[in-house]
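Residue numbers start from 1 in every chain, and the chains themselves are labelled A, B, ... in the order their sequence lines are given, proteins ahead of strands.
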2 protein chains.
Amino acid sequence: MTITIKDLALVAGVSYSTVSKALNDSSLVKPETKDRIIKIAKEMGYEPNYAAQRLVSKESKVIGLIWPTLERVAPSVLVTKINEEISKSSYSMILSVNPLQTSLEMFKRFQVDGVIIFNEYLNDMPATSPLPCLTYGVKKDTPFPVIDVNYQGAMNDAVTYLYELGHRDIAFIGDLTTDDERQIEKAAGFKKAMKNFGIYQEDHILDTKGLGWYDGYMATVRLINSPYRPTAIISASYDISAGLIRALRQENYMIPNDISVLSYDNIPQMANMEIPLTSVGAPVEEIAQAMVQTLTRYIKDPDSVPAVQTLTPVITERSSCAAIGTPTEK
Amino acid sequence: MTITIKDLALVAGVSYSTVSKALNDSSLVKPETKDRIIKIAKEMGYEPNYAAQRLVSKESKVIGLIWPTLERVAPSVLVTKINEEISKSSYSMILSVNPLQTSLEMFKRFQVDGVIIFNEYLNDMPATSPLPCLTYGVKKDTPFPVIDVNYQGAMNDAVTYLYELGHRDIAFIGDLTTDDERQIEKAAGFKKAMKNFGIYQEDHILDTKGLGWYDGYMATVRLINSPYRPTAIISASYDISAGLIRALRQENYMIPNDISVLSYDNIPQMANMEIPLTSVGAPVEEIAQAMVQTLTRYIKDPDSVPAVQTLTPVITERSSCAAIGTPTEK
DNA sequence: ATTTGTAATAACAACGTTGTTATTTGTTGT
DNA sequence: ACAACAAATAACAACGTTGTTATTACAAAT
């Protein structure tokens, strides 16, 4: 049989409401009785009944997250970070790997306080949800707050960075076939930046037709088999970069001596690649923090939160980019 | 304001206990009133309060799963299948990506009815848990039921299959550095089977020193750079196979003409590889089913369930294995 | 016509909390 | 010594369900 506050009350010789207050550290109960009760609770191994608490308090202190694609690294890293961030606050996180609607229903049953939805689902997003939601990706016409990243700015930073290293022949490799707006933004940003510098050419954009590492690999193989030889490549994501590096190394290209590589997705995992990749993007930690902070604020007061929040990307230098004509190292 | 059974009772002109019974399809209420109440509930968009239900019923109808490694494909597929299987029953599944202890505590708070734990965690497994648990992997001395697979048998099947195709020079590629017993079993099974046929040699076993695709890739590259040329390779997992195939293709080995490949992990995704891989192992569907069925049974009656349940592996033929001396196709 | 039996529904206690209101106890000031 | 007041605690009503027990209504049986 589990122990309830009534059991504690009996032992402590006080009423159960006093026990409740003591455990919630209320100022209405004398410090010494408080301590005594807390001690007894600990001794008896008391654990509050969550269902009962929720029945009265209306809050679950839980945030639900609908898992995006299972297969890719960058989203996994982000989810992990979000989880960390949520754990730091008074919330917990649970995941659902079900479709959007199903997940939403389940989360509603659970009375989670808020839901995080990834951009991928935006198409079948409900116009309205009974739960406070937050989305990650490019703003569409959702009624929920969005955490966005300045993807175009990121690509501009990347191009500028390479330009200043002396590169003029820069390629972009990414998925152009998706309707994921984040990917579209990246490609558009690259194009714009290149045009700014007056070094844009059609064939500088390579389509992976997918977001997996293998897509990146195959696209790179196609590039290598073509006559085009850029001095630097900007990749649209971690997974694509993984394939890119794989293909380049296989053909004995030295990075960054023969070719510079700069990848989107500012995650620490970039350092673990065969060649630690210089990367651009909003740092995952920052994204995670913004998401969790915004959502918790939104839960408390929906009006206190901006509709869109666009994070600023930064470049994290590692060792995959070199100045042109520097055969040794960066 | 949310709608409760009391609201429904008011509208229907009955007592709220009647409403409760009607919604639970009790035989104590007249069919017509039942229908009427159900209709009203639907119209008014009634949704039962989960916390209240749980407070009285003691059941959550939820199974918690502690997420294993985020990065690998095979576990992801299994988790997805488990989720499907759970959805079919009256249960739902939630995931936690936190460490074992933290997850367990959270699940306890949630009063989940059962927990699924993967073998990876077995080392810091508590001797006892307040929650019904089920583990997946090789039996250790846990007090909980275990779903196991006959890994040695699987490897024996694999070796036999290839032997019958005429192969005598068969290599095994897998992670030997881990203390994951499942991996150890696979290697042991291979060795034993090879010895049975009298074709075992030390250097037939290749250590990937890891379970990621890249580990498989690197180990294969090392193999290719060595003088040893097996006619067939048995891989210990999907991800290792992914790297294996990658490396082989890169060196222009044709599969199965130049070399046969047989992979552990009987998941449908094997068909999506560059070359659809013949694979061995207990089918994921079967594993998932066994896990969910056993756990739900265990929840109801802990004594009705065997301590260990060992599933029988099967070979699923695809197109990566050929008889030796068959240069066209299998 | 009155009892008996049963089908249908109503009433109500419980589940374990929290927040509000009521009561007791103790202290201070006159 | 007794108001007046504050501090500490007790009492109790919620929260939204479910299961048990009590009541009603109505049919069949004597």
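- Salt-bridge annotation for B/Arg182 and B/Glu185: absent, with no side-chain N of the basic residue lying under 4.0 Å from a carboxylate O of the acidic one.
- Nucleic acid contact for A/Glu59: none, since no nucleic acid atom lies under 4.0 Å from a heavy atom of the residue.
- Ion pair B/Lys81/B/Glu84 flagged as a salt bridge, since at least one NZ, NE, NH1 or NH2 atom sits closer than 4.0 Å to an Asp/Glu carboxylate oxygen.
- Put simply, A/Gln53 has a side-chain N or O that comes within less than 4.0 Å of OP1 or OP2 on C/dT18.
- Under 4.0 angstrom from either OP1 or OP2 of C/dT17 there lies no side-chain N or O belonging to A/Ser20.
- Looking at which nucleotide of DNA chain C each of A/Tyr46 and B/Ser15 is closest to, the 5′-most match is held by B/Ser15.
- If you check C/dA11, C/dA13, C/dG16 against the side chain of B/Lys21, the one that comes closest is C/dA11.
- Distance, A/Arg109 CZ to D/dT17 C1': 15 Å, rounded to whole Å.
- In this structure, A/Thr33 reaches the D/dT9 phosphate: one of its side-chain N or O atoms is under 4.0 Å from OP1 or OP2.
- With D/dG16, C/dG16, D/dT9 as the choices, the nucleotide that has an atom nearest any side-chain atom of A/Thr4 turns out to be C/dG16.
- Among the atoms of the strands shown, only primed sugar atoms or phosphate atoms (P, OP1, OP2) are found under 4.0 Å from some heavy atom of A/Val29.
- Residue B/Ser17 is the one, among B/Lys58 and B/Ser17, whose nearest nucleotide of DNA chain C lies closer to the 5' end (criterion: closest heavy atom).
- Here D/dA11 presents its C1' atom at 13 Å from CD1 of A/Ile5, a figure rounded to the nearest Å.
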